[in-house]
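First up is the structure itself, then whatever we jot down about it.
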Amino acid sequence: MDKFVKPRPQFPKKTVVTSGMPYGNKLLHFGHLGMILRADVFARFLRDRIGKDNVIYVSGTDCYGSPVIEAYRKLQEEGKCKDKSMLDYVTENHNKQKEVLDRFEVSFNFYGGSAIGRASEIHKDVSKWFIEKLYQNGMVSKHSSYQFYDTKHKCLLNGRQVVGKCPIDNCQSEKGYADECDLGHQYLPQDLIDPVSTLSGEKPVLVKVENLYFNLENCTEILNEWINSIDRKSDTPQFMVKEIREFFKKPEIYIKREYFDEFDKVKDTLPPFTEIERGEKAPRTIVFDKLEDRESACEILAKHSIRYRTGKTLTPFRLTGNIDWGVPCPAIDGIEGQTFYVWPESLWAPISFTKTYLESKGFDENEWQKYWADPDAQVNQFLGEDNLYFYGPAQQAMWLYTQGAHPLLNPEKGQLQLTKINPIKSILYMNKKASSSGSVKPPMANEFLEHYTAEQIRMHFLAMNLANNNVSLSPKAFDGEASDDEIDPVIKEGNLLTNVYNRILRTVFYSTQAHFDGVLPRSSIDASTMEECKKVVLDVERFMYDKKFHQVFNALDVFIRNINKYWVKEINNCVTEEKLGHLTANTMQMIFVANTLLHPIAPSGTENVADYIGFNKDLCFDWANIFGKYESVLDRSRGGTLKELKPKEDFFKRHQSQLDELAKKNQA
């Protein structure tokens, strides 16, 4: 009876992999890498697992939005961007982003820009389709909402031109902007605490402006069904479930203790509410049935100078704004001449990129539906925890209501399918929160390549348990307080390639060159070896399915170290050429499996190994062959002949700076 009785995970027939889009005003920092590299490893794994023609990895530069506008404005003020249009500015940053990602061996099928080239044209059409579909299905409304206005400069302010404190209770954000903080909490502009205009440095006033909104506050019931349907699944992070469910609470206000007396004087003038007992030292919590009742209460409290905080809840999701630099929105419900708010259009940008890619390959214009609108397909989205509100409640609800006024949780073929969200926890820098807008600035992605190889960085990020915990990135090369004898965590994880795997590869090559004239000996492979290989394959397959990449790393670490141990243990018993041939065949079988499993993580190195061994690259990384024997994937034209490996030659190399440091130590 087969001991591996646990059912294997079922992968989709086709998949799109996406990763969060960096803004067009910045280069890539380490936080982008944590998200993008995990997505790339998964996309590469799926290409090996279900076939490269069934996997599309897309992402790109988020060209629009107030961060881009504000950064461009400041550069123009400083005289640094005089000869560049906004499009020139974001295109230049897009090209720099792509250049760095190429150096990290990120395998996008398409890395576009929402305002650049053919993708821009298709993105405008997709945006128009979305809002017209949602409006047709009764989910788009016109609202008069507050927007900040700078009386000194006589202009409306966009999101990043207002800075204050986030009003969400217990939020640890460093900065709150007009309607969201830097941790992704959404709120209404009038709830922002202590707003200041970045243009004048003065407090802006609130004026009423009409925009179009998606009626997200009406979607609680079906979103509850959605989160319940994915809860407790092995590939669903529980922190994600907990955080998203917090948005399904009724609208709440928290009154600080020092304002209790003032609150008692006005509470009878508030809309109907229920008060919840929270303990003697806790703030008073009042709960409303309707969001509009809570907002009326907030206005009354503010009028009487009573300080309060608001709780998480679903609010209308803004679709449009009055910023010139944006995707044009068609005239709807009397609203004309507006552009899309950046968040909704960035959510459907991966659809635009998928369509752009497939068009470039000559496919029919409806080919994208095989990936986004088919129950047998799946879209895997990798993103940061701070964007869960947008990709969770907001996106899933919009996708659902493209079906009609009464959507099905499991859409039929031809309708947009709900996506698989794969969030990561926060990556700290030297145990501190770092952001380009905060006090601790993150190092840029390209800076890492001055000290480490791409493979070392890929291994290190993979080993982080970001699916469950906040993790500190503490590379020794950037740590001015690190002692000389302190272990570099990046090099430590990279050693699995540069030290452990290199060692067994060199050993087998040199032994084969010395005893068999560089030709792999033909010998049987033990059943125990095949069983061990099968176990690690199934373990890695399950960990990949669950996106538990740190466990993928751990499984490979154990397996590759065991290959070395196996050789060391058995080599002394190889008193004949036949026994050495048998040991070599068993070891090569394990190398074949290890190389296949490492391929998504270290693509160039493993492909180099395959070339030296003489594996057919169309066969050796294809999971259709992973449970077979290594001889079946050998290039027959080579006849099992290895390429000559010269003395001290490595398949996985250290960074030159590390080699220089080792040379200095050896000289000393």
Side-chain angles (χ1 to χ4, degrees), residues 45 48 455 459 494-516 518-541 552-553 555-571 574 579-623 625-635 638-645 649-653:
F45 163 75
D48 293 344
E455 287 176 330
M459 291 292 283
N495 276 343
L496 182 60
L497 298 175
T498 60
N499 187 356
V500 186
Y501 193 37
N502 264 339
R503 187 190 314 141
I504 189 60
L505 288 168
R506 285 197 305 264
T507 299
V508 172
F509 266 78
Y510 295 149
S511 173
T512 304
Q513 289 170 184
H515 297 282
F516 302 105
V519 180
L520 289 170
R522 291 186 174 274
S523 181
S524 62
I525 298 172
D526 294 340
S528 59
T529 297
M530 297 299 292
E531 193 80 355
E532 185 177 358
C533 289
K534 182 178 182 180
K535 182 181 184 305
V536 73
V537 167
L538 294 178
D539 284 346
V540 168
E541 180 183 55
V552 171
F553 176 87
L556 289 173
D557 185 77
V558 170
F559 182 66
I560 293 170
R561 290 180 188 279
N562 283 344
I563 303 175
N564 277 275
K565 291 176 183 177
Y566 169 74
W567 181 277
V568 171
K569 177 184 176 182
E570 298 295 332
I571 188 64
C574 295
K579 287 187 175 181
L580 180 60
H582 186 62
L583 171 61
T584 301
N586 276 285
T587 305
M588 186 55 66
Q589 178 66 31
M590 290 186 280
I591 287 173
F592 157 57
V593 170
N595 209 57
T596 303
L597 298 179
L598 279 169
H599 184 232
I601 310 163
S604 293
T606 52
E607 288 172 13
N608 189 36
V609 170
D611 182 55
Y612 265 74
I613 292 174
F615 287 151
N616 182 318
K617 291 182 184 178
D618 290 332
L619 300 177
C620 70
F621 298 121
D622 187 339
W623 272 56
N625 305 306
I626 200 167
F627 294 112
K629 296 182 179 180
Y630 78 90
E631 296 101 328
S632 67
V633 300
L634 287 173
D635 187 335
R638 291 266 294 269
T641 302
L642 304 176
K643 277 189 178 181
E644 181 184 3
L645 187 70
E649 187 171 353
D650 282 331
F651 292 97
F652 301 90
K653 303 184 184 302

Taking all atoms of both residues into account, what is the closest heavy-atom pair of L496 and L556, and its distance?
CD2-C, 4.3 Å
Does anything in residues 584-597 pair up under salt bridge (charged side-chain N to carboxylate O under 4.0 Å, His left out), and if so which pairs, sequence neighbours excluded?
none
Nearest heavy-atom approach of A555 to V536 is O-CG2, 4.1 Å
Would you say K617 has more than 12 foreign heavy atoms packed within less than 6.0 Å of its NZ?
yes
Would you check if the side chain of R638 reaches a backbone N or O of D611 as a donor-acceptor pair within less than 3.5 Å?
yes
Determine whether a donor-acceptor pair (N or O, by modelled atom type, separation under 3.5 Å) exists between the side chain of N495 and the backbone of V500.
no
Do the side chain of N502 and the main chain of F651 share a donor and acceptor less than 3.5 angstrom apart?
yes
Considering all heavy atoms, the nearest A602-L497 contact:
CB-CD1, 3.8 Å
Interatomic distance, E541 atom CD to L597 atom CG [nearest 0.5 angstrom]
10.0 Å
Taking every heavy atom of L583 against every heavy atom of C574, the minimum-distance pair comes out as CD2-SG, 3.6 Å
Do F559 and L598 have side-chain heavy atoms sitting under 4.5 Å apart?
no
Any chance the side chains of Y510 and E649 put a donor and an acceptor closer than 3.5 Å?
no
Nearest 0.5 Å, please: how far is OG1 in T596 from OH in Y630?
14.0 Å
Please examine the side chains of E607 and F621, heavy atoms only from C-beta on, and report whether any two atoms are closer than 4.5 Å.
yes
Is any side-chain heavy atom of N499 closer than 4.5 Å to a side-chain heavy atom of F652?
no
Student check: side-chain heavy atoms of F45 and H599 closer than 4.5 Å:
no
Between T606 and N595, do the side chains contain a donor N or O and an acceptor N or O under 3.5 Å apart?
no
Counting C-beta onward and ignoring hydrogens, is there a side-chain heavy-atom pair between T584 and W567 closer than 4.5 Å?
yes
For residues H582 and D526, determine if any side-chain heavy atom of one lies less than 4.5 Å from a side-chain heavy atom of the other.
yes
What are the two closest non-hydrogen atoms of F592 and G628, and how far apart are they?
CE2-O, 3.7 Å
How long is the gap from CG on L505 to CD1 on I591, to the nearest 0.5 Å?
5.0 Å
Considering only NZ, NE, NH1 and NH2 on the basic side and carboxylate oxygens on the acidic side, decide whether D650 and R506 come within less than 4.0 Å.
yes
Could you check whether any side-chain heavy atom of F509 comes within less than 4.5 Å of a side-chain heavy atom of I613, counting everything from C-beta outward?
yes
Donor-acceptor pair, D635 side chain versus N616 backbone, under 3.5 Å?
no
Ignoring hydrogens and angles, tell me if any N or O in the side chain of R561 forms a donor-acceptor pair with the backbone of Y501 under 3.5 Å.
no
From CD (E631) to OG (S523), nearest 0.5 Å
9.0 Å
To the nearest 0.5 Å, tell me how far S511 OG sits from I571 CD1.
5.5 Å
Below 4.5 Å, heavy atoms only, C-beta onward: do I601 and F553 meet side chain to side chain?
no
To the nearest 0.5 Å, what is the distance between NZ on K643 and CD on Q513?
12.5 Å
For D618, give me all partners under salt bridge (charged side-chain N to carboxylate O under 4.0 Å, His left out), at least two apart in sequence or on another chain.
none
Per side chain to side chain contact (heavy atoms under 4.5 Å, CB included), I525 is matched among M588, M530, M590 by M530
Using the side-chain contact (heavy atoms from CB on, under 4.5 Å) rule, take N586 and Q589 through it: C-alpha gap first, then chi angles, then the decisive distance, then the call.
CA-CA 5 Å; N586 276 285; Q589 178 66 31; 5.7 Å; no
